[in-house]
Structures are given as C-alpha cells and as structure tokens.
Amino acid sequence: QVQLVESGGGLVQAGGSLRLSCTASGRPFSTNSMGWFRQAPGKERDFVAAISWGAFGTYYADSVKGRFTISRDNAKNTVYLQMNSLKPEDTAVYYCAQAGQPLYRSSAYSSLGTYDYWGQGTQVTVSS
C-alpha cells in the first residue's frame, strides 16, 4: 500500500521560510516523479512544483518561481519543498503526490491527473 506522509507545515510570518517534507513508502520511489500541490479554502487544488525521478527536471508554477525549490533524496524516499519569502497568498494545505507512470511531456508534471497517489496534506499559514 502506497503511503505519502507530509510534514513541516505551520504558521509563519510573511517573508519567512518553511521546508516541507514528504516521505513515501509502499512502492519504488527513485523511479517515480513527485509533485507538490496546494489548495486554499474554497479554491481548486493547484500545481506548485514537481521533480522528475532522477531530479534532472524541476518544474514550478509561475507564482512560486524564484521563491520555492523542490528537491529529492532517493536514498531517504523523501521529496522536499523549500519555501522562502512566503506571502499570505501562499496560505493553503500542501499536498505531496506521486506519479504512477513515467512522464514524457513537461506539461504532464503540472497536471492533477498525472498523479496517482496523494498524501493527507499539511497546513501552511502565512500571516501578514
């Protein structure tokens, strides 16, 4: 059974930083692409960042480029999201996701339907 467990969320002031972690179990990690999405109250779940299985490709939503960095440690079955210069509009529940199939198009990384497995989410709140 696949399990993705996020951690690292919390309350931070605007301009601050947080690092989210997501540890996976139940299926091979190093051969699967990973993504982060977020969902604010009353809004749809949106793409934040993704990383290919070998970390040779990283992808970001325009709203977080230059502020967020995604990385992975295949030895620890963990993907990270370093979030700097946080803004109140970054407030959301952040979800980790794992793709079930190899990805061949860059556009696939930002699509919700690409990902077969999801974590339970971790709350990030940025105060102004």
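In this structure, Y115 is not a member of the same hydrophobic cluster as L4, with clusters built from ILVMFWY side-chain heavy atoms closer than 4.5 Å. The same ILVMFWY cluster, assembled from side-chain heavy atoms under 4.5 Å apart, contains both V12 and V48. Hydrophobic clustering places L86 together with V64 (ILVMFWY residues linked when any side-chain heavy atoms are closer than 4.5 Å, directly or through intermediates). Hydrophobic cluster membership is shared by V126 and L81, with clusters built from Ile, Leu, Val, Met, Phe, Trp and Tyr side chains linked at under 4.5 angstrom. No continuous path of ILVMFWY side-chain contacts below 4.5 Å connects F37 to V124, so the two sit in separate hydrophobic clusters.
To the nearest 0.5 Å, atom OG of residue S63 and atom CG of residue D90 are 7.0 Å apart. Taking CG of L103 as the reference point, atom OH of Y109 lies at 4.5 Å (rounded to 0.5 Å). Summarising the geometry, atom CD1 belonging to I51 is positioned 9.5 Å from atom CE belonging to M34; distances are rounded to the nearest 0.5 Å. How far CD of Q82 is from OG of S17: 5.5 Å, rounded to the nearest 0.5 Å. Atom OH of Y59 and atom OG of S110 lie 10.0 Å apart (nearest 0.5 Å).
The minimum heavy-atom distance between A14 and P88, with the atom names listed, is CB-CD, 4.1 Å. Closest approach of D116 and A99 over heavy atoms only: OD2-C, 3.9 Å.
For the pair R72 and F29, the distance from NZ or CZ to the six-membered ring centre is under 6.0 Å and the angle to the ring normal is within 45 degrees.
Legend: disulfide bond (SG atoms under 2.5 Å apart) pairs involving residues 32-68, not counting sequence neighbours: none detected. Residue pairs meeting the side chain to side chain donor-acceptor pair (under 3.5 Å) criterion with at least one partner in residues 18-30, sequence neighbours excluded, are T23-T78, R27-N32, R27-Q98. Within the structure, the side chain to side chain donor-acceptor pair (under 3.5 Å) test picks out the following pairs touching residues 117-128 (sequence neighbours left out): E6-Q120, Q123-T125.
Partners of F68 under the ring pair (Phe, Tyr, Trp, His ring centres under 6.0 Å) rule, at least two apart in sequence or in another chain, do not exist in this structure. The side chain to side chain donor-acceptor pair (under 3.5 Å) check on Y95 picks up nothing, with sequence neighbours excluded.
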- [ ] Decide yes or no on side chain to side chain contact (heavy atoms under 4.5 Å, CB included) for D46 and Q39, but give the supporting numbers first.
- [x] CA-CA 6 Å; D46 291 330; Q39 188 167 18; over 6 Å; no

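Between the side chain of R67 and the main chain of S85, a donor-acceptor pair closer than 3.5 Å is present.
Enclosure of atom CD in Q101 is not indicated, since only 12 or fewer non-hydrogen atoms of other residues, nucleotides or ligands lie within 6.0 angstrom.
Taking a 4.5 Å side-chain heavy-atom cut-off between Ile, Leu, Val, Met, Phe, Trp and Tyr, the cluster of F56 extends to W53.
The closest side-chain heavy-atom distance from W36 to I70 is below 4.5 Å. The shortest distance between side-chain heavy atoms of F47 and L112 does not fall below 4.5 Å. You'll find the side chain of L20 reaches within 4.5 Å of the side chain of M83, heavy atoms only.
The pair K65-D62 meets the salt-bridge criterion, since a charged nitrogen lies less than 4.0 angstrom from a carboxylate oxygen.
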